[in-house]
Participant: 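Sharing a structure here in structure tokens format.
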2 protein chains.
Amino acid sequence: MTADLHEPAVEDLDLTTVLQALGDPVRLTIVRCLADEGERACGTVELGVSKATRSHHFKVLREAGVTHTRAEGTHRHVSLRRDDLERRFPGLLEAVLQDQHAAV
Amino acid sequence: MTADLHEPAVEDLDLTTVLQALGDPVRLTIVRCLADEGERACGTVELGVSKATRSHHFKVLREAGVTHTRAEGTHRHVSLRRDDLERRFPGLLEAVLQDQHAAV
DNA sequence: TCAGAAGTTCGACGATCGTCAAACCAACGC
DNA sequence: GCGTTGGTTTGACGATCGTCGAACTTCTGA
């Protein structure tokens with residue numbers, strides 16, 4: 001579990017990258033869950049995909065700067081970088097979270 | 001130039017699809033241009049890609065429901081579906097357009 | 001009538017993506 | 001120590017994507 005936990009600084013957040021990160025059903029599910037429940041351990045989100053795939057999606061979100069990951073023992077606690085996103089792209093995350101349609 | 005000009009209805013707009021459509025540098029350039037300049041003919045946006053590629057990107061935006069295309073002779077006039085997007089995803093487009101960073 | 005212009009469509013290509021199983025690593029509990 | 005648990009990494013796979021040139025369609029203007 002080397003895990004650099006590399007997260008971009010606020011000023012390095014790239015809109016294209018963030019939109020790409022959000023433009024996936026599984027990752028959108030993760031983001032919604034984090035928005036509702038606050039910080040979550042990586043594994044406690046039900047996604048219907050394998051461990052490896054889940055890890056991959058969390059990595060994409062983290063590297064896009066959407067989430068913050070805190071290591072604690074064997075667990076990783078993941079949370080939304082709401083303030084950072086709001087500072088860099090005001091209103092964006094709110095708009096994405098507002099959408100109820102996609103809950104299915 | 002068969003061109004169905006198929007555009008989804010407001011209630012059929014899908015967040016994932018829209019975010020995917022916006023998550024590309026070229027298409028983001030198009031959207032910004034349309035936001036600034038209003039309706040534009042397809043070809044009058046400088047993108048640095050071939051005719052075929054440009055046509056492809058316009059198609060993606062249209063089918064995602066981001067743009068409206070009006071045929072007039074050999075030209076296609078493309079415009080942002082601002083109202084529809086605002087109704088379906090309040091604040092989303094505004095947030096995307098707000099970003100100045102990406103102008104390069 | 002016919003040449004040209006505006007867009008689309010059709011392969012084709014390399015690159016990236018989402019997915020998985022399997023192997024791996026690091027911490028915890030016994 | 002040792003097995004277990006939570007998560008990552010590593011290929012590998014098929015699918016999708018962005019790109020192009022070339023052929024095509026449709027309209028326009030001389």
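Side chains are part of it too, since the values below use all heavy atoms of this structure and drop only hydrogens, waters and symmetry mates. Chain identifiers are assigned alphabetically (A, B, ...) following the order of the sequence lines, protein sequences preceding nucleic acid strands; residue numbering begins at 1 within each chain.
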Participant: So, is A:Arg54 near the phosphate of C:dT19, with a side-chain N or O under 4.0 Å from OP1 or OP2?
Facilitator: no
Participant: Between A:Glu72 and A:Val49, who's closer to the 5' end of DNA chain C by nearest nucleotide?
Facilitator: A:Val49
Participant: Got a sec, which residues hit side chain to side chain contact (heavy atoms under 4.5 Å, CB included) with B:Lys51, two or more places apart in sequence or on another chain?
Facilitator: B:Arg54
Participant: Using OP1 and OP2 only, check whether a side-chain N or O of B:Thr74 sits under 4.0 Å from C:dA6.
Facilitator: no
Participant: Roughly, in whole Å, what's the span from NZ in A:Lys51 to C1' in D:dG11?
Facilitator: 17 Å
Participant: If the cut-off is 4.0 Å, is B:Ser50 near the phosphate of D:dC20, judged by side-chain N/O to OP1 or OP2?
Facilitator: yes
Participant: Run the side chain to side chain contact (heavy atoms under 4.5 Å, CB included) test against A:Glu94 and tell me which residues pass, sequence neighbours left out.
Facilitator: A:Arg82, A:Leu97, A:Gln98
Participant: A:His75 NE2 to C:dC28 P: how many Å, rounded?
Facilitator: 9 Å
Participant: For a 4.5 angstrom cut-off between non-hydrogen side-chain atoms, does B:Arg81 reach B:Glu7?
Facilitator: yes
Participant: Could you tell me, to 10°, how much the axis swings from one end of the helix from C:dT1-D:dA30 to C:dC30-D:dG1 to the other, five pairs per end?
Facilitator: 20°
Participant: Kindly compute the distance separating CG (B:Leu61) from OG1 (B:Thr67), expressed to the nearest 0.5 Å.
Facilitator: 5.0 Å
Participant: Quick one: which of D:dG7, C:dT8, C:dA6 gets closest to the side chain of B:Arg76?
Facilitator: C:dT8
Participant: Treat primed atoms plus P, OP1 and OP2 as sugar-phosphate and everything else as base, then score nucleotides 10-18 of chain C 5' to 3': B for base contact with protein heavy atoms under 4.0 Å, S for sugar-phosphate contact only, - for none.
Facilitator: --------S
Participant: Tell me the interatomic distance from B:Lys59, atom NZ, to C:dA6, atom C1', rounded to whole angstroms.
Facilitator: 17 Å
Participant: Partners of B:Ala71 by side chain to side chain contact (heavy atoms under 4.5 Å, CB included), sequence neighbours excluded?
Facilitator: B:Leu5, B:Arg76
Participant: Once side chain to side chain contact (heavy atoms under 4.5 Å, CB included) is applied, do any residues pair with B:Ala64, and if so which ones, sequence neighbours excluded?
Facilitator: B:Thr17, B:Ala21, B:Val66
